[in-house]
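Read through the structure below, which is laid out as structure tokens, and then see the notes.
Quantities reported herein were computed from a predicted structural model and do not represent experimental measurements. Chain letters run A, B, ... following the sequence lines, proteins first, then strands; residues in each count from 1.
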Amino acid sequence: MAVIALERRPAPSAVWRWATPPLAVLLTMLAGGAMFAALGQDPLIAIRTIFWDPLFAEQFASYARPQLLVKAGPLILIAIGLAMGFRAGVWNIGAEGQYIVGAICGAAAGLALYPADTRLILPLMALAGALGGWAWAMIPALLKTRFGTNEILVSLLLVYVAEQLVAAMALGPLRNPEGGGFPGSRNLARWESSANPELIAGTGMHWGVVTAFIAVIFAYVIFTRHLAGFQIRLMGEAPRAARFGGVRPGRLVILCFGVSGALAGLAGLFEVTGPAGQLNIDFGAGYGFTAIIVAFLGRLHPIGILLAGLLMALTYIGGELAQLMLGLPAAAIQAFQGMLLFFLLGVDVFTNYRLRLGRRRIA
Amino acid sequence: MDLSSINWLLLLASLMVASTPILLAGLGELVVERAGVLNLGVEGMMITGAVCGFAIGFETGSAVWGFAAAAGAGAALSLVFGVLTQVLMSNQVATGLALTLFGLGLSSLIGQGYIGERGVNVPDVPLGPLADLPVIGPILFRHDAVVYLSLLLCLAIWLFLYRSRAGLVLRSVGESAQAAHALGTKVVRIRLTAIAFGGACAGLGGAYISLVRVPQWTDGMTAGAGWIALALVVFASWRPWRLLLGAYLFGGLTVLQLNLQAAGVALPVEYLSMAPYILTILVLVIISSGRGRAALGAPAALGRSFHAAA
Amino acid sequence: MLRRTFLASSALAVGFGTALGTAALAQDDPFKAGFIYVGPIGDGGWTYTHNEGRLALEEEFGDGIETVYQESVPEGADAIRAMTQMALSGADIIFATSFGYMDQVLEVAEQFPDVKFEHATGYKQADNVATYSARFYEGRAVQGHIAGSMTDTNIVGYIASYPIPEVIRGINSAYIHATKVNPDVEFRVVWVYTWFDPAKEADAATALIEQGADVILQHTDSTAPLAAAEAAGGVIGFGQASDMAAFKPSPRVSSILDVWGPYYIDRVQAVMDGTWESGDTWHGIGEGMVGIGEITDAVPDEVRQEALALKESIASGEYHPFTGPLNKQDGTPWLAEGETADDGTLLGMNFYVEGLTGDIPE
């Protein structure tokens with residue numbers, strides 16, 4: 001009986017690794033176009049509005065291009081940290097919680113000094129934010145190394161705890177005393193000492209974006225040139241060999257969780273002091289979860305993550321434009337993003353496997 | 001404060017109803033995880049079940065068809081995840097998250113025409129004299145069919161996992177897909193079946209919210225129940241009866257909290273809402289560190305991709 | 001303080017903002033109104049009613065207006081972007097329909113001086129930023145009257161969302177008017193800490209009903225409490241935000257309606273005429289921003305007449321729902337005989353009136 005089977009490639013295909021994302025985008029355009037047509041839209045115009053207009057339409061591009069960085073910055077920063085762990089087989093899926101706790105700790109550190117006027121406050125807050133994210137990540141890491149507790153589940157559960165915590169903070173200790181009784185902290189972007197403003201006008205670059213770029217470069221160097229990068233990969237691909245090679249898995253777990261937690265915490269802090277401005281009940285807008293997807297879309301490679309983060313941001317901003325200009329419902333954009341992710345994840349199979357047309361062997 | 005105003009019998013009865021959505025979704029996810037698959041898309045499947053159940057129930061005027069459609073829709077959506085993770089070997093965590101994103105969008109699109117409409121009526125099962133029994137009558141015998149279905153499902157899953165050969169095979173797939181494959185088990189087929197079953201259960205759980213609990217369709221109405229179901233499976237350490245207990249405990253905590261407030265007890269609600277998750281983490285730590293670790297821990301192959309190296 | 005941080009960045013934005021603003025004006029029509037919503041249109045509550053207001057605009061002006069909207073916009077950076085893109089696309093007026101957009105509205109408004117902004121439930125204005133809100137507590141007074149008259153158990157359940165002035169005002173207003181007709185009435189307040197979680201709202205309603213409440217008031221947006229009331233039997237409730245007519249004639253005996261359309265039409269007309277001015281609008285039943293949905297036959301005729309009379313006296317301005325003598329919960333005097341509450345106190349209300357039990361959560 002002739003069947004199509006998948007056969008593992010001896011080594012991942014470099015060609016497919018880079019060819020699959022464009023292929024996936026193309027497939028999404030076809031499937032998404034069909035969906036838009038079903039909703040009574042011209043699919044070509046919808047696709048153009050999402051992928052082309054934010055970058056090149058005269059009316060929007062000069063504003064939307066920098067916004068890509070604003071939206072992609074935290075995604076990239078978090079995803080870089082996560083990728084390090086994912087490469088080592090260490091599964092931190094609670095970055096959303098670390099992002100939130102980082103923002104809480106950073107904001108609390110800053111607000112404790114309100115209304116002091118010194119340039120040192122933002123760096124201090126960044127430190128507190130990184131520490132907060134790091135500490136939150138240490139919970140699953142230590143439980144993993146000490147008791148062997150599943151880190152996927154613990155880190156996920158801690159997201160729920162963090163979400164409740166931020167609501168409690170926005171309504172309680174960190175509530176703006178001059179906010180008319182509404183929930184939410186003081187606006188940190190409007191307090192000069194804590195503000196994380198656009199650094200060069202019209203670029204969208206704020207400290208969080210800068211940190212994300214630095215993280216990409218660091219990760220690139222570590223993954224390709226440094227011993228730690230090698231150990232991480234070895235741990236992920238051949239844990240037993242890694243142990244013989246002198247890698248201490250416990251320390252690696254602590255390291256991966258620590259780095260990803262601290263980066264997520266930083267991302268949260270730069271978001272709350274910059275674009276978001278204040279801590280609110282639903283501060284966590286899902287960046288931590290989206291970053292997981294970004295990490296995988298970027299094939300856990302720093303450059304890939306950079307591109308994947310920008311692509312993800314493009315679909316957000318383009319999606320908003322499609323709502324605005326075409327009246328597409330937000331739900332259609334969400335479904336469209338879901339499709340994009342499905343295709344990107346699905347076609348990746350060709351990187352590691354090849355299609356073989358043959359006969360089924362009798363087992 | 002007036003605790004005497006709390007009617008404990010009614011409280012127990014309403015916690016059974018309150019817990020049914022997470023119980024159903026949790027039971028499905030339990031089977032999925034027992035097969036070694038971690039599907040984080042429960043929320044997406046639940047909300048899709050909720051909208052399809054409501055829509056079909058509304059169109060046909062029949063709750064039965066509504067629930068059937070919800071199960072079907074949940075299963076269909078879960079198979080997207082199944083094909084991606086099992087056939088195309090994509091990462092389960094990322095694919096599950098994408099499934100939730102997609103499900104939330106899809107459900108909202110489907111539901112556009114049903115906002116503000118009123119759902120079909122789901123009657124309680126007439127259990128005659130049983131319902132009039134003192135104490136246990138109001139607690140146990142005045143519910144709708146789905147509550148009883150969820151209890152039966154719990155029993156059936158327990159029987160299946162521990163008393164049937166097929167259940168043994170499923171668990172072996174979850175412990176080591178490679179070993180099971182070596183013994184001639186069709187790993188992918190079994191996992192796909194488990195995933196579809198999990199999707200159907202999640203769909204039912206969602207439909208219980210839109211057809212019984214609320215009953216109405218509004219965007220995002222499951223409001224995170226799918227994530228609670230995921231925590232619940234862990235809390236239950238992958239055992240059906242513990243899942244039942246856990247569901248009633250999780251649901252009970254909310255119901256009790258609201259009852260205490262209604263009785264005038266001031267509570268730190270936000271901090272209390274963290275309790276189920278912290279409790280679950282503690283349970284996880286205990287089962288992973290205790291002596292009975294091998295017997296109690298997570299399915300060993302949980303979350304790992306499998307490819308049959310022919 | 002905010003100037004230095006973002007004056008630099010806004011220079012460029014103002015550059016292309018005004019350029020485009022004039023471009024839009026050059027094309028002249030159609031007039032464009034933009035809306036940003038905090039939830040999905042399908043929430044059946046807050047956002048749904050604002051969208052009804054948008055549709056009322058389209059109805060009123062027909063081809064003379066183009067409306068655009070963006071739903072489920074998180075408060076923060078996304079809101080800034082949403083409004084900026086709307087302004088860039090040529091919007092002449094933008095309605096931002098959530099309190100949490102306050103600082104973002106001001107920021108975007110500063111960059112687009114030619115675009116008018118309307119911010120719902122906020123309190124910060126600027127030359128091109130007006131604020132508006134509705135005196136929902138007036139509707140609560142009518143609800144409280146019906147609730148106090150209708151309860152047999154003398155227990156009224158109240159599902160509250162978050163402990164903020166808006167919600168506390170509603171509880172106080174309903175309570176004052178319930179005790180006026182029924183001095184024995186007792187309010188049980190449950191805080192659910194969500195605006196929208198139908199299942200939890202159902203649980204809260206059930207808990208209240210089980211403890212003897214036979215009237216349920218809600219400050220959350222779903223119909224779940226009404227469904228719970230119906231299932232329990234013999235319990236009444238009220239529609240919130242939208243009419244929730246599907247539950248007529250009982251358990252839904254009346255409703256508080258958010259009616260934004262007339263205000264939106266007014267403001268758009270003002271921009272078209274060039275008479276738009278910034279300001280703070282707080283309209284109630286009289287101006288039609290707060291509506292009282294049909295009081296059904298489930299309410300005895302006498303009670304209905306009283307409720308309608310109360311509604312009329314509030315609408316005409318003859319009566320203010322917060323009229324003294326009123327004490328705070330701890331017994332300290334708040335309003336003397338005949339004195340009415342000033343808007344400032346109402347806007348920041350953080351205390352219960354005398355007679356209510358329990359504490360407002362901190």
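- C/Val189 touches chain B through its backbone: at least one of N, CA, C or O sits under 4.5 Å from a heavy atom, while the side chain does not.
- Contacts of C/Pro198 with chain B are made by both backbone and side-chain atoms, with heavy-atom separations under 4.5 Å.
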Yes or no on side chain to side chain donor-acceptor pair (under 3.5 Å) for C/Ser255 and C/Gln240, after CA distance, side-chain angles and deciding distance? CA-CA 6 Å; C/Ser255 58; C/Gln240 158 77 6; over 6 Å; no

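- Residue with the most contacts toward chain C among B/Val17, B/Leu15, B/Leu258, B/Leu256: B/Leu258 (heavy-atom pairs, distance under 4.5 Å).
- Within a 6.0 Å sphere centred on CD of C/Glu59, other residues, nucleotides and ligands contribute 12 heavy atoms or fewer.
- There is no contact between C/Glu186 and chain B, counting heavy-atom distances below 4.5 Å.
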Report the C-alpha distance between C/Asp221 and C/Tyr48 in whole Å, list the side-chain angles of each, state the deciding distance to 0.1 Å, and finish with yes or no for side chain to side chain donor-acceptor pair (under 3.5 Å). CA-CA 10 Å; C/Asp221 282 356; C/Tyr48 178 79; over 6 Å; no

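- Interface remark: C/Thr357 contributes no atoms to any contact with chain B (heavy atom separation under 4.5 Å).
- Between the side chains of C/Asp203 and B/Thr254, no donor-acceptor pair is found at a separation under 3.5 Å.
- Residue pairs meeting the side chain to side chain donor-acceptor pair (under 3.5 Å) criterion with at least one partner in residues 220-235 of chain B, sequence neighbours excluded, are B/Glu43-B/Thr222.
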Determine whether C/Glu210 and B/Ser14 satisfy the following criterion, side chain to side chain donor-acceptor pair (under 3.5 Å), listing intermediate values before the conclusion. CA-CA 9 Å; C/Glu210 283 169 7; B/Ser14 57; 3.2 Å; yes

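- No hydrogens or angles considered: nothing links the side chains of C/Tyr352 and C/Asp330 as a donor-acceptor pair under 3.5 Å.
- A tilted orientation is assigned to the rings of C/Phe95 and C/Tyr264, their planes being inclined by 30° to 60°.
- Remark: the C/His50 side chain and the C/Tyr69 side chain contain no N/O donor-acceptor pair separated by less than 3.5 Å.
- Taking chain B as the reference chain and counting heavy-atom pairs below 4.5 Å, the highest number among C/Ser72, C/Ala204, C/Ala207 is found for C/Ala207.
- Using a 4.5 Å cut-off between non-hydrogen atoms, no part of residues 152-159 of chain C approaches chain B.
- Comparing C/Asp243, C/Val192, C/Val190 by heavy-atom pairs within less than 4.5 Å of chain B, the highest count is held by C/Val190.
- For C/His219, the ring-ring contact (aromatic ring centres under 6.0 Å, His included) test picks out no residue, with sequence neighbours left out.
- One side chain, C/Asn51 or C/Arg54, offers a donor N or O that lies under 3.5 Å from an acceptor on the other.
- Remark: C/Lys248 engages C/Glu294 in a salt bridge, criterion side-chain N to carboxylate O under 4.0 Å.
- Of the listed residues (B/Leu9, B/Leu11, B/Ile209), the greatest number of heavy-atom pairs within a distance under 4.5 Å of chain C belongs to B/Leu11.
- B/Glu29 and B/Asn39 share no side-chain donor-acceptor pair at under 3.5 Å.
- For residues 44-55 of chain B, a heavy-atom distance under 4.5 Å to chain C picks out no residue at all.
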